[in-house]
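When a residue number appears, it is its place in the shown sequence, counting from 1. First listed ligand is number 1; within each ligand, the first listed atom is number 1. Remember, predicted model here, so these are calculated numbers, not experimental data.
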Amino acid sequence: MILDSLLAVLAPHECLGCNTEGRLVCTTCRASLAVPDKRCYKCHEPGRSMATCAVCRPNSPLTSVQAATRYTGVGKELIHKLKFGRARSAASEIADMIADRLGLDSRMSAYRDIIIVHAPTATSRVRTRGYDQSRLVARALAVRSGIPYHPVLMRAGQNKQVGSDKAQRKTQMLSAYYPVSLRRIRGAHVLLVDDVCTTGSTLEAAASVLIRAGAARVDGIVFAKA
Ligand SMILES: [Zn+2]
Ligand SMILES: [Zn+2]
């Protein structure tokens, strides 16, 4: 992170899309980011929004998974920056775009029960990188939107996916998260933040823990959807 700030002083950013000097993603490239499909995250059935469809809803703890863009092009490169360098700048760009595209702004903070929670990254990866990228995005999004952020989910130390079958992996994922502040979770409408959603299993595992801990509703909020 110190290196990230130093780099920002020594070398200005170049746009990931067109190499223009200035921001990591310039205004033009930002506007041309791929718009995500309106589909259920679970069965990919097209719908009128990114809500979980009526068929999948009984088997999902997530009311919806909202994305700012698709996991492609400049959006994908920005995620790469978030994970492998310039993390702080990437996190704030990502939070800006999530807030813009999903309409998360100061009006939301009027709803007192809405909170932002991040889906913690596996501890082994946090150790290697020195930071948790989903936490960086969640915090930047809270600053940008005025919605309170509470780190109420923790991740257990070991998370090696040794299981071969799907059910076994799911059990391991479920046990990988645990809640730390029931008081904050109970009755809350949680915006569960992560950088990317691929199969949705990570968000589901974290959302299940929140629902069991008493959350009233959980929506997944990601930058990019595969
Ligand atoms: Zn550009
Ligand atoms: Zn569905």
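If you take CE on Met97 and OG1 on Thr69, they are separated by 8.5 Å, rounding to the nearest 0.5 Å. Between the CG atom of Asp37 and the CZ atom of Arg70 there is a distance of 5.5 Å, given to the nearest 0.5 Å. Distance check, rounded to the nearest 0.5 Å: CZ of Arg217 to OG of Ser64 gives 6.0 Å.
Arg30 CZ: more than 12 foreign heavy atoms inside a 6.0 Å radius.
Between Ser181 and His150, the side chains place no donor N or O within less than 3.5 Å of an acceptor N or O (distance only, hydrogens not considered).
The shortest non-hydrogen separation linking Asp132 to Pro120 is OD2-CA, 3.5 Å.
No donor-acceptor pair under 3.5 Å is formed between the side chain of Ser134 and the backbone N or O of Asp195.
Near the Zn ion (ligand 2), less than 2.8 Å away, sit the protein N, O or S atoms Cys40 SG, Cys43 SG, Cys53 SG, Cys56 SG. At a cut-off of 2.8 Å, measuring from the Zn ion (ligand 1), the protein N, O or S atoms that fall short of it are Cys15 SG, Cys18 SG, Cys26 SG, Cys29 SG, waters left aside.
In this structure Asp194 satisfies the side-chain hydrogen bond (donor to acceptor under 3.5 Å, both in side chains) test with no other residue, sequence neighbours excluded.
Within the structure, the ring-ring contact (aromatic ring centres under 6.0 Å, His included) test picks out the following pairs touching residues 61-94 (sequence neighbours left out): His80-Phe84.
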